[in-house]
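The structure appears right after this line, and notes come after that.
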Amino acid sequence: MAKITASVFTSHVPAIGAAMDLGKTQEDYWKPLFAGYEYSKQWMKDNKPDVIFLVYNDHATAFSLEMIPTFAIGTAAEFQPADEGWGPRPVPKVIGHPDLASHIAQSVIQQDFDLTIVNKMDVDHGLTVPLSLMCGELDPKKDAWPCPVIPFAVNVVQYPVPSGKRCFALGQAIRKAVESFDEDLNVHIWGTGGMSHQLQGARAGLINREWDNNWLDLMINDPVACANVPHIDYVREAGSEGIELVMWLIARGAMSDVVDGKVVGPAPTVKHRFYHVPASNTAVGHAILENA
Ligand code: DHB
Ligand code: FE
């Protein structure tokens with residue numbers, strides 16, 4: 001049986017990827033940010049999963065505004081880093097896991113979540129920046145990411161976007177799907193995006209440390225309550241792009257069993273937690289949770 005043993009939560013700011021690609025990580029501006037991921041890179045080496053189920057959002061890169069799936073699962077054998085305007089990032093291509101991905105698609109759709117199945121897709125900074133943060137700099141000519149990755153894209157760009165509650169329930173369905181896969185696989189689930197940021201309009205540059213940290217407490221300790229936080233709170237308190245945080249609730253939903261609206265069983269262990277401002281115009285949040 002496959003099992004979800006850990007979850008990783010991290011912001012996915014594109015400038016972080018650029019800082020890594022251009023060798024700027026030890027500059028004064030970036031050093032404190034990357035210091036927060038030193039533990040995480042070692043943890044990745046010590047706890048290498050067989051597969052990463054990586055929840056992120058496409059930023060009108062692969063889908064454009066012509067086609068906007070709410071939830072899309074990548075079932076392909078591989079995914080190329082996308083060209084977001086400056087050429088593709090110099091990082092390894094992403095190897096998928098078509099067998100597990102199609103099993104999850106089957107199971108989750110039968111649990112009444114209408115996923116879009118994507119057999120060809122380039123992956124943007126939403127997916128590659130978290131991989132870089134957790135795995136460090138890799139040379140695409142000779143290195144590979146440590147394991148296959150199933151990309152799972154969520155629309156948090158163009159309204160209407162899914163609620164935190166829907167995302168949390170979807171995480172529950174993904175947990176059941178993974179646990180019904182025959183092969184013994186150690187699966188990690190990642191939630192990316194956030195924390196507070198607004199990239200446009202009168203409130204561009206908005207950061208809300210207090211709200212971010214309270215939300216992180218709630219997400220970790222009372223995910224059912226966190227799932228009930230309405231959209232308007234994200235937008236008002238964490239800025240228009242703060243809504244990316246609902247994706248973290250998919251990963252959190254996959255970490256616990258919920259019966260009659262209550263989390264049952266032991267709480268996951270917090271292995272690491274980090275918060276830093278600024279990275280570009282964004283507050284960066286990061287956590288690693290493990291299940292027994
Ligand atoms: C930026 C873009 C993002 O997708 C994000 O999550 C944070 C920041 C940016 O353009 O700075
Ligand atoms: Fe983003």
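Atoms considered below: every heavy atom in the structure, side chains included; atoms not considered: hydrogens, waters and symmetry mates. Ligands are counted one by one from 1 in listed order, and the atoms in each one are counted from 1 as well.
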Looking at atom 6 (O) of ligand 1, what's its closest protein heavy atom, distance included? Glu244 OE1, 2.8 Å
Can a non-hydrogen atom of His12 be found less than 4.0 Å from any atom of ligand 1? yes
Looking at ligand 1, would Ala15 count as a contact under a 4.0 Å heavy-atom criterion? no
If you measure only the distance, is there a donor-acceptor pair under 3.5 Å linking the side chains of His272 and Glu290? no
So for ligand 1, is Thr282 a polar contact partner (N or O within less than 3.5 Å, distance only)? no
For ligand 1, is there an N or O atom under 3.5 Å from any N or O atom of Asn281? no
Backbone or side chain, does Glu241 get an N/O/S atom under 2.8 Å to the Fe ion (ligand 2)? no
Answer yes or no for His12: is there an N/O/S atom below the 2.8 Å cut-off from the Fe ion (ligand 2)? yes
Pair Asp212 + Arg209: basic N to acidic O under 4.0 Å: no
Distance flag, aromatic centroids of Phe152 and Phe53, threshold under 6.0 Å: yes
Measuring centre to centre across the rings, with the benzene-like ring taken for any Trp, is Tyr37 within less than 6.0 Å of His286? yes
Take the angle between the ring planes of Trp215 and Tyr234 and call it parallel below 30°, perpendicular above 60°, tilted in between. perpendicular
If you look only at pairs with a residue in residues 64-79, which of them pass as a side-chain hydrogen bond (donor to acceptor under 3.5 Å, both in side chains), with sequence neighbours excluded? Thr75-Asn119, Glu78-Gln80, Glu78-Lys93
